[in-house]
Amino acid sequence: MDPEFETTTDLETQSLLLAAAHHDLPALRDLLRTSSPNVQDAETGFTPLHAAVAACEPDNEPKSTSESSRTVNGDTNGDGVGVNSTEGEERKNELEAAAQTIKLLFQNGAIWNDLDQNGETPGCIALRLGLKELYELFVDAGVRAELLLSRLAEYQLLGDGDDSADEEEDEDIEIIEATEATETDGTSAETSEATADPSLEFTSQDTSTTNPAYLTSPLTFSQTRLIDSSANGVMMAWETTLMERSAELLLPASNLRVLNIGHGMGIIDCIFQSSTPSSHHIVEAHPDVLAQMKENGWYDKSGVVVHEGRWQDVIPELIEKGAMFDAIYFDTFAEEYKALREFFTEYVIGLLDPTGGKDGEGGKFGFFNGMGADRQICYDVYGKIVEMDLFEAGFDIEWEDIAVPDLQEAGEWEGVRRPYWALTKYRLPTCSFIG
Ligand SMILES: C[S@@+](CC[C@H](N)C(=O)[O-])C[C@H]1O[C@@H](n2cnc3c(N)ncnc32)[C@H](O)[C@@H]1O
């Protein structure tokens, strides 16, 4: 690179980062006329968004006793804003200026999920510093970006065939996808466990990046995990508490009809069986899982119907036959979020009995909520997206938080390619028809 150009760009980057860190809106506005908001500091990886948030880190320098007690006294939510003091007022103004800076950067096209050298997005820093209001700005930006991406993808599908008209749109999609996909692996909208960053230890190709590839790869079963040929955790025993509570909420009485998509280790199906359902349909597509099901007697259990094949092929036939259920659970693997969305948007309406369930209170639908679960901000973004999509599809959703122990500390990820869960709380969704 031309050294003169390098110096100019570096100067530009530093000026932007400085203006962002000082929440200096006029200077920032001026700089953004000619510079991109997505510059990154070569050493720290900071973008202007990182700088704007990191500058709000409370000063660690020791304060006089009276000063610190004033701050602590007024600090009701841990963000350092003491409501009864001048210092608190100043802090409030600082956070407000930071929020304005972040909004200005977003208006100018700043990317919400660039990673710095510590592997943190600006939202991760806001969360770590306990800056809730700023964190929410990043969650909202993530939701907007993901919605735009999915709309553009739909638009691209509709536009297929008219090459010249689509060219510009294709370029836009590529730019967004490149930044989204390469910057944060954990933000991918997969419905199941294959969402985390690949561990460097595993150099072989990942067989479970697509559903068809996964379905033709051999699986390994053990007491505590089901693993694919690339060492991805398809299902793990630590999820048992989540399955137990899901089953309890979906099937609160005996003699009900249940449909489960994805047998895996059979954990939730065993729990469903313990409430003696009147009928229990299971859709499973992987030949190794189906072989295991045969060995374990699932084909011979009374009331159990095993449907061999992908749900995409099985479900339309079930609907045509008029099958109805009081409870439906969906937990597949190596599928993107749009598969889950397609399932509840297109099919649940034809399968779930609105007058079914315990005491006729209405059928219930649940799913494994693991999208983006290797990073809190991604989990929160997808939580909002799924809520919006479910609402649009005609569902009410009730969330229940379940504590998840430290899986890293418990050694759960040893020998697993991707630690697909890194959070302390699972948000369990139970959906029913609106009204
Ligand atoms: C995460 S596991 C399910 C775990 C299960 N909830 C349990 O309690 O053990 C996902 C299962 O979905 C199956 N699967 C993946 N894609 C599928 C598809 N398109 N149709 C049907 N089953 C699928 C996988 O083979 C796997 O058995």
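Just the heavy atoms: all of them, side chains too, but no hydrogens, waters or symmetry mates, feed the values below. First listed ligand is number 1; within each ligand, the first listed atom is number 1.
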Close N or O approach (Tyr214, ligand 1; < 3.5 Å) = yes
inquiry  = If you count heavy atoms of other groups shown closer than 6.0 angstrom to CZ of Phe391, is the number above 12?
reply    = no
task = Using a strict cut-off of 4.0 Å, indicate which atoms of ligand 1 neighbour a heavy atom of Met243.
result = 6 (N), 8 (O)
ask   = Is there at least one pair of N or O atoms, one from Thr332 and one from ligand 1, spaced under 3.5 Å apart?
value = no
query = Would you call the rings of Tyr347 and Phe343 parallel, tilted or perpendicular, where under 30° means parallel and over 60° means perpendicular?
reply = tilted
key: Of the listed options Glu284, Glu239, Glu308, His307, closest to atom 26 (C) of ligand 1 (non-hydrogen atoms)   = Glu284
query = Backbone, side chain, both or neither: what part of Ile268 comes under 4.0 angstrom of ligand 1, heavy atoms only?
reply = both
ask   = Do ligand 1 and Leu215 have nitrogen or oxygen atoms that lie under 3.5 Å from each other?
value = no
request  = Say whether Gln376 and Asp380, considering side chains only, have a donor N or O and an acceptor N or O under 3.5 Å apart.
outcome  = yes
query = Where does Leu226 meet ligand 1, judged by heavy-atom distances below 4.0 Å: at the side chain, the backbone, both, or neither?
reply = neither
key: Phe433 and Phe395: CA distance, side-chain angles, deciding distance, ring-ring contact (aromatic ring centres under 6.0 Å, His included) verdict   = CA-CA 5 Å; Phe433 290 123; Phe395 293 99; 5.2 Å; yes
message = Counting only nitrogen or oxygen atoms and a 3.5 angstrom limit, does Gly266 reach ligand 1?
response = yes
task = Examine the side chains of Asn260 and His281 and answer whether a donor and an acceptor come within less than 3.5 Å of each other.
result = no
ask   = How does Gln312 reach ligand 1, by side chain, by backbone, by both or by neither, if only non-hydrogen atoms under 4.0 Å count?
value = side chain
message = Any donor-acceptor pair under 3.5 Å linking the side-chain atoms of Asn232 with those of Tyr420?
response = no
ask   = Counting heavy atoms not belonging to Glu398, are there more than 12 under 6.0 Å from its CD?
value = no
Neighbour count above 12 (heavy atom, 6.0 Å) for Lys358 NZ = no
inquiry  = Heavy atoms only: which of Asp331, Leu219, Asp288 lies closest to atom 10 (C) of ligand 1?
reply    = Asp331
query = If you count the atoms of ligand 1 from 1 in the order shown, which ones are under 4.0 Å from a heavy atom of Asn211?
reply = 15 (C), 16 (N), 19 (N)
remark   = Quick note on ligand 1: atoms under 4.0 Å from a heavy atom of Arg310 include exactly 19 (N), 20 (N)
inquiry  = Taking 4.0 angstrom as the limit and counting only heavy atoms of Met265, give me the atoms of ligand 1 inside it, by number and element.
reply    = 9 (O)
task = For Asn118 and Glu120, indicate whether the former's side chain and the latter's backbone hold a donor-acceptor pair under 3.5 Å.
result = no
query = Under a heavy-atom criterion of less than 4.0 Å, does Gly309 contact ligand 1?
reply = yes
query = Taking distance alone, with no angle check, do Val289 and ligand 1 share an N/O pair under 3.5 Å?
reply = no
message = Over 60° means perpendicular and under 30° means parallel, so tell me whether Trp421 and Tyr426 are parallel, tilted or perpendicular.
response = tilted
ask   = Once the angle between the rings of Tyr329 and Phe272 is folded into 0 to 90°, is it parallel (under 30°), tilted (30 to 60°) or perpendicular (over 60°)?
value = perpendicular
request  = May I ask whether Phe368 places a heavy atom under 4.0 Å from ligand 1?
outcome  = no
ask   = Mind checking whether Tyr329 has an N or O less than 3.5 Å away from an N or O of ligand 1?
value = no
ask   = Going by the order shown, which atoms of ligand 1 are within less than 4.0 Å of some heavy atom of His286?
value = 25 (O)
